[in-house]
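For ligands, and for the atoms within them, numbers begin at 1 and follow the listed sequence. Values in this document were obtained by computation on a predicted structure and should not be read as measured data.
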Amino acid sequence: MIGSYQACAELLEEADYISIVTHLRPDADAIGSTVALGRALELIGKKVTMHVGQNHPVPRTFLTIPGADRVREAHELPTDQDLIVTVDCGSLDRTGAISGYLHSRLDDLLVIDHHASNTGFGSTNLIDHTESTTVILRDLIELLGVRLDKPMAHALYAGLMTDTGSFRWGSPRMHELAAELMEHGLDTRQIAVDLLDATSTADVQMIGRVLSGLQVRETGNHRAAILIADVETISGHSHAAVEALIDFVRALEGTDIGAVFKEQVPGRWAVSLRSSSLDVSQIAVRQGGGGHVPAAGYTTFGTREKIVSEFLDVLGETP
Ligand code: 5GP
Ligand code: MN
């Protein structure tokens, strides 16, 4: 753990005007953390703006989280706030289009995060290796003297559910917190449908096309299940459907790692890695990315042959 909850709460209490920033290509923990903290700060009288580190809007899937429509793009970040808080960003570069500006505001930067790889790039840091950033915010919101309400509970639950792979990994605390959040009257079935399960016919057909190209590749002591989702196949499809691809390869029999290569624009790939026996964060870090032991990712560039062979090279050198 880096920093203290008390110091973090005091810094937030002293500021009047606060901007909250989360990572590019946000997930539900990123958006849930942003809007839960934003709402808590507004309830104690702060002026708040919320931003994602990219210049295109938040995927529609996340607009089901109450208040997510308030999260603005990077280019709308004001410059006259007293304090900037990053949530769920493991490193400064994860703030994407905002990272250049944040370099000039490092003295006013509070970092709240749960990534083990985060070394603390703010002037004040609260880095606790919890299941999700929303787990940290649950305690921080209490320290701020704010009573949880249904919209905040929904946002916190969204991050907890998705960052634990729907409660597959984490400590016993994740279930206790889920129970506490459910007491606020959450429709957890609907939240799961909204964030994870909702699909269209076209999305299922896209998933079928990607799955039909499944490869199992052997290198060193490892066997990887690999899916390649090129831009032609996935463009126009829902964020949730594309992100669901990893679930088909996270534990394929006879393999010890699953990888999905998602081509966002021609030649630029977002890579998701999952394993229940390897530390995939180490592989991701070697490729310039990051993440957690069971789930990590990175961004890479090139042809499909190049990106797969680079991945296999790194995997082959992994003990
Ligand atoms: P996902 O595969 O769901 O996109 O990401 C899994 C985890 O890997 C996330 O929690 C995030 O921390 C990390 N991650 C994914 N992509 C990147 C990336 O491009 N850079 C870094 N630093 N971390 C990433
Ligand atoms: Mn997270």
Self-check item: Derivation of the side chain to side chain donor-acceptor pair (under 3.5 Å) call for Thr133 and Asp88
Solution: CA-CA 6 Å; Thr133 299; Asp88 203 42; 2.8 Å; yes
Self-check item: Derivation of the ring pair (Phe, Tyr, Trp, His ring centres under 6.0 Å) call for His154 and His184
Solution: CA-CA 8 Å; His154 185 144; His184 292 272; over 10 Å; no
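In this view, Asp187 and Arg189, Gln190 satisfy the side-chain contact (heavy atoms from CB on, under 4.5 Å) rule, not counting sequence neighbours.
Hydrophobic clustering, defined by side-chain heavy atoms of Ile, Leu, Val, Met, Phe, Trp and Tyr closer than 4.5 Å, groups Leu77 together with Ile2, Val21, Ile84, Leu92, Ile98, Tyr101, Leu102, Leu106, Leu109, Val111, Phe121, Ile127.
Looking at heavy atoms from C-beta onward, Leu181 lies in side-chain contact with Leu148 at the 4.5 angstrom threshold. Two residues are said to be in side-chain contact when any heavy atoms from C-beta on lie closer than 4.5 Å; Leu214 and Leu227 meet this criterion.
Between Glu317 and Arg286, at least one side-chain nitrogen of the basic residue sits less than 4.0 Å from a carboxylate oxygen of the acidic one, meeting the salt-bridge criterion. A salt bridge does not link Glu42 with Lys46: none of the charged nitrogens is closer than 4.0 Å to a carboxylate oxygen.
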Check each N or O atom of ligand 1 against all protein N or O atoms and list the pairs under 3.5 Å, with atom names and distances to 0.1 Å, one per line.
residue	atom	partner	partner atom	Å
ligand 1	2 (O)	Ser272	OG	2.6
ligand 1	2 (O)	Arg274	NH1	3.0
ligand 1	2 (O)	Arg274	NH2	3.3
ligand 1	3 (O)	Arg274	NH2	2.9
ligand 1	8 (O)	Gly290	O	3.4
ligand 1	8 (O)	Gly297	N	3.1
ligand 1	12 (O)	His115	NE2	2.6
ligand 1	19 (O)	Arg25	NH2	3.4
ligand 1	19 (O)	Thr299	OG1	3.2
ligand 1	22 (N)	Gly290	N	3.2
ligand 1	23 (N)	Gly290	N	3.3
ligand 1	23 (N)	Gly290	O	3.4

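Around the Mn ion (ligand 2), the protein contributes the following N, O or S atoms at distances under 2.8 Å: Asp29 OD2, Asp88 OD1, His114 NE2, Asp163 OD2.
The aromatic ring centres of Phe167 and Tyr157 sit less than 6.0 Å apart.
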